[in-house]
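Structure record follows, encoded as structure tokens.
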Amino acid sequence: MRLSKSFIPTLKENPSEAVIPSHILMIRAGLVRQLSAGIYSWLPLGYKVLRKIMDIIREEMNNIGGQEFHFPGLNPKEIWEQTGRVEAFGDILFHVKNRDYVLAPTHEEIVAFHAKGEIVSYKDLPQIWYQIQTKFRNEPRPRSGVIRGRQFIMKDAYTLDKDEAGLDVGYALHDKAYRAIFDRCGLKYFVVGASSGAMGGSKSEEFMVKSDAGEDTVAYCEKCGYAANVEVAQSVSQAVERQNESKDVFEIHTPNVKSIDDLCTFLNINENQTAKSRVYINDDKPILVLMLGNDEVNETKLANVLSGNVRPAHPDELKEISGADAGSIGPIGFKYRIIADKLLKDGNNLYSGANKNDYHIGGIDLMRDVPNIEYFDLRTVESGEKCIRCGSQLDVFKAIELGHIFKLGTKYSEALGVMYLDENGKEKPVVMGSYGIGVERILACYIEQNYDEKGIIWKDPLSPFDIHLIALNMKNSLVKETSEKLYRDLQKEGFEVLFDDRIEGSAGIKFNDADLLGMPVQIIVGEKNLKENKVEIKNRRTGNKKVVELDKLIDSFQEIF
RNA sequence: CGGGGAGUAGCUCAGCCCGGCUAGAGCGCUUGGUUUGGGACCAAGAAGUCGCAGGUUCGAAUCCUGUCUCCCCGACCA
């Protein structure tokens with residue numbers, strides 16, 4: 001493709017709306033343009049990469065027996081009401097104003113709709129159905145460019161099986177396909193155990209890429225490979241040690257002591273002699289959550305332990321509930337349910353709030369003084385703690401979710417009546433699995449992992465072109481003729497070539513654009529080297545350059561890499 | 001939804017606090033010329049209802065009120 005005739009609008013300066021490297025570079029290199037918050041247009045160069053990603057996904061999905069569909073984005077609202085997901089999605093679901101339609105955020109309902117009445121026998125199973133299609137979600141806050149958008153391209157797949165054993169097979173096939181896809185795209189990723197959340201179902205795993213731009217936090221053990229979303233991650237950590245003798249409870253005046261740190265400084269005590277209090281509202285009833293020292297409450301774990309709705313109490317509710325404001329609340333005299341993290345189990349001689357502003361209480365023995373206390377795993381794993389599996393140090397960091405695989409079970413087939421007859425003529429619900437990949441996230445994550453201060457660094461197979469051919473001065477007839485011939489010859493050899501044949505533009509502009517766009521190989525045709533019948537080739541990733549004779553050009557590709 | 005920031009030329013921004021003539025810069029763009037191995041130079045030029053609406057004022061990019069949009073942090077997120 002000739003740059004002179006292409007729409008590849010590059011930018012010299014960083015766009016003001018972008019913050020993370022991949023987003024900045026996708027705009028600067030002319031891959032995308034924003035239309036509105038969380039809504040992006042793909043420009044030709046960006047879409048070329050996206051198509052390469054989609055081709056890889058197709059190949060790997062077809063390899064595991066997937067059949068490609070294309071379901072509508074516009075869905076009757078009624079079918080979403082049958083599974084209760086109009087309510088479950090709430091404001092995330094886009095509603096059409098002038099007809100009872102919704103814009104589909106995922107397609108379990110539609111898969112079940114088409115399976116119903118057509119998948120009628122165990123002989124019809126198993127099935128793997130997939131599509132690569134646009135999804136719509138009314139995200140309250142889109143961010144990080146295409147990483148969280150209101151409209152995005154997803155590869156979504158669904159398995160239909162007769163039983164759990166069949167689902168296990170389909171799930172394993174997707175695990176395999178996903179690894180193949182992300183490997184081929186050249187991504188460094190890892191797999192974590194995850195919470196199934198509002199999707200329902202039993203087992204779920206996420207494919208993650210480490211990134212500060214990520215919205216998930218994961219705990220990862222380098223040594224044994226233990227990896228889990230912090231929503232569910234566990235670690236081995238030091239529990240409180242019960243001392244032989246319990247002191248009596250005593251009150252201490254602690255003016256302006258608002259945090260555990262303040263308290264430890266004020267009394268010159270250790271963090272693990274203290275219990276931090278957090279008040280939550282569980283279905284309109286207050287509940288006190290006690291954590292050891294400065295441990296943070298993991299709200300996902302808390303929600304899994306408590307049934308019903310859980311939210312933190314508002315600051316103005318605290319006084320009425322406990323008699324004190326945040327910083328002075330504690331278990332002694334607290335009138336409602338009290339639960340505690342298991343690290344606090346049976347602790348004694350502890351310090352905590354007195355439920356009276358500017359006072360704390362010491363000498364607390366949870367066994368003696370808080371008889372109805374219940375213990376659960378409620379804490380959030382932190383970096384440096386010991387791996388629950390092998391005991392070595394855990395690393396905790398942010399990550400971007402590339403893909404998610406779920407064992408759904410029969411939630412949707414039962415709600416929508418997708419039944420089949422088994423070998424014994426007995427009617428049973430079809431067992432489903434659901435599997436998603438954020439297609440644009442693959443591209444964004446690739447760039448997050450492959451860029452430098454000059455721009456993007458592509459490699460096969462995602463690179464939009466194999467070679468960036470730069471003619472330094474197209475007004476020089478030798479440069480023009482040579483580069484035009486090279487352009488034809490390289491394409492004949494089967495290379496995809498981007499040809500900077502612009503007449504205007506200094507060498508600097510062309511070099512900088514080539515580095516920004518990031519094709520793996522640059523071929524530079526200039527007067528200087530042509531005098532000796534030579535051209536220069538450059539490896540974009542390493543920056544290595546080599547001047548080679550024209551007729552040995554293609555052979556030289558191997559050497560520079 | 002809570003907190004913070006920003007909307008002025010295609011892009012990046014200054015001007016606003018402290019109202020005052022014809023609203024600025026750099027980059028980009030157009031025309032002509034010079035230049036051509038790391039974002040060149042000279043000359044001439046096009047381009048902005050200062051997000052929108054209302055108000056105060058002799059006079060508003062600037063002050064006030066309302067509103068929309070975008071970005072960041074948080075909440076939320078299959």
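The chains referred to below are lettered A, B, ... by the order of the sequence lines, with proteins before strands, and numbering in each begins at 1.
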Give a yes/no on whether any side-chain N or O of A/R141 is located under 4.0 angstrom from OP1 or OP2 of B/C72.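 Yes, because at least one side-chain N or O of A/R141 sits under 4.0 Å from OP1 or OP2 of B/C72.
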B/G39 OP1/OP2 closer than 4.0 Å to side-chain N/O of A/S506: no
Say whether, by atom type as modelled, one donor and one acceptor occur between the side chain of [X] and the main chain of [Y] under 3.5 angstrom.
| X | Y | result |
| --- | --- | --- |
| A/R150 | A/N138 | no |
| A/D341 | A/L378 | yes |
| A/S483 | A/K480 | yes |

Look at all strands and tell whether [X] reaches a base, only sugar-phosphate, or nothing, counting heavy atoms closer than 4.0 Å.
| X | value |
| --- | --- |
| A/S144 | sugar-phosphate |
| A/M154 | base |
| A/G436 | nothing |
| A/E13 | base |
| A/P15 | sugar-phosphate |
| A/D91 | nothing |
| A/I509 | base |
| A/R28 | base |
| A/N529 | base |

What is the distance, to the nearest angstrom, from the [atom1] atom on [X] to the [atom2] atom on [N]?
| X | N | atom1 | atom2 | result |
| --- | --- | --- | --- | --- |
| A/D513 | B/G37 | CG | P | 17 Å |
| A/R311 | B/G2 | CZ | C1' | 15 Å |
| A/K545 | B/G37 | NZ | P | 13 Å |
| A/E296 | B/A75 | CD | C1' | 15 Å |
| A/R33 | B/G10 | CZ | C1' | 10 Å |
| A/E139 | B/C71 | CD | P | 13 Å |
| A/K475 | B/U36 | NZ | C1' | 8 Å |
| A/K528 | B/U35 | NZ | P | 20 Å |

Which nucleotide, if any, forms a Watson-Crick or G-U wobble pair with [N], using both distances under 3.5 Å?
| N | result |
| --- | --- |
| B/A40 | B/U34 |
| B/U65 | B/A53 |
| B/C70 | B/G5 |
| B/G26 | B/C11 |
| B/G20 | B/C58 |

What about the rings of [X] and [Y], do their centers lie closer together than 6.0 Å?
| X | Y | value |
| --- | --- | --- |
| A/W129 | A/F69 | yes |
| A/F113 | A/H107 | no |
| A/F182 | A/F207 | yes |

I'd like the [atom1] distance from [M] over to [N], given in whole Å.
| N | M | atom1 | value |
| --- | --- | --- | --- |
| B/C13 | B/G5 | C1' | 15 Å |
| B/A46 | B/A75 | C1' | 48 Å |
| B/U22 | B/A61 | C1' | 15 Å |
| B/G26 | B/C68 | C1' | 30 Å |
| B/G24 | B/U49 | P | 15 Å |
| B/C64 | B/C17 | C1' | 15 Å |
| B/G7 | B/G45 | P | 31 Å |
| B/A9 | B/U65 | P | 25 Å |

Among the nucleotides [options], which one has an atom lying closest to any side-chain atom of [X]?
| X | options | value |
| --- | --- | --- |
| A/R148 | B/G37, B/C72, B/C77 | B/C77 |
| A/S36 | B/G38, B/G74, B/C70 | B/C70 |
| A/N512 | B/G38, B/C76, B/U35 | B/G38 |
| A/Q34 | B/C72, B/C70, B/G37 | B/C70 |
| A/F511 | B/A75, B/A40, B/G38 | B/G38 |
| A/P140 | B/A75, B/G39, B/C77 | B/A75 |
| A/K454 | B/G38, B/A40, B/C73 | B/G38 |

Does any donor-acceptor pair link the side chain of A/N473 with the base of B/G37 at a separation under 3.5 Å? no
Quick one: on RNA chain B, does A/K510 or A/E215 contact a more 5' nucleotide (nearest heavy atom)?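 Its nearest nucleotide being more 5', the pick is A/K510.
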Given RNA chain B, 5'-ward residue of the pair A/A37 and A/F136, judged by closest heavy atom: A/A37
Do A/K276 and A/E296 come close enough that some side-chain heavy atom pair is under 4.5 Å? yes
Salt bridge (charged side-chain N to carboxylate O under 4.0 Å, His left out) for A/K135 and A/D156? Distances and angles first, verdict last. CA-CA 10 Å; A/K135 298 285 186 272; A/D156 46 324; 3.0 Å; yes
When the ring planes of A/Y435 and A/Y171 are compared, do they come out parallel, tilted or perpendicular, using 30° and 60° as the limits? tilted
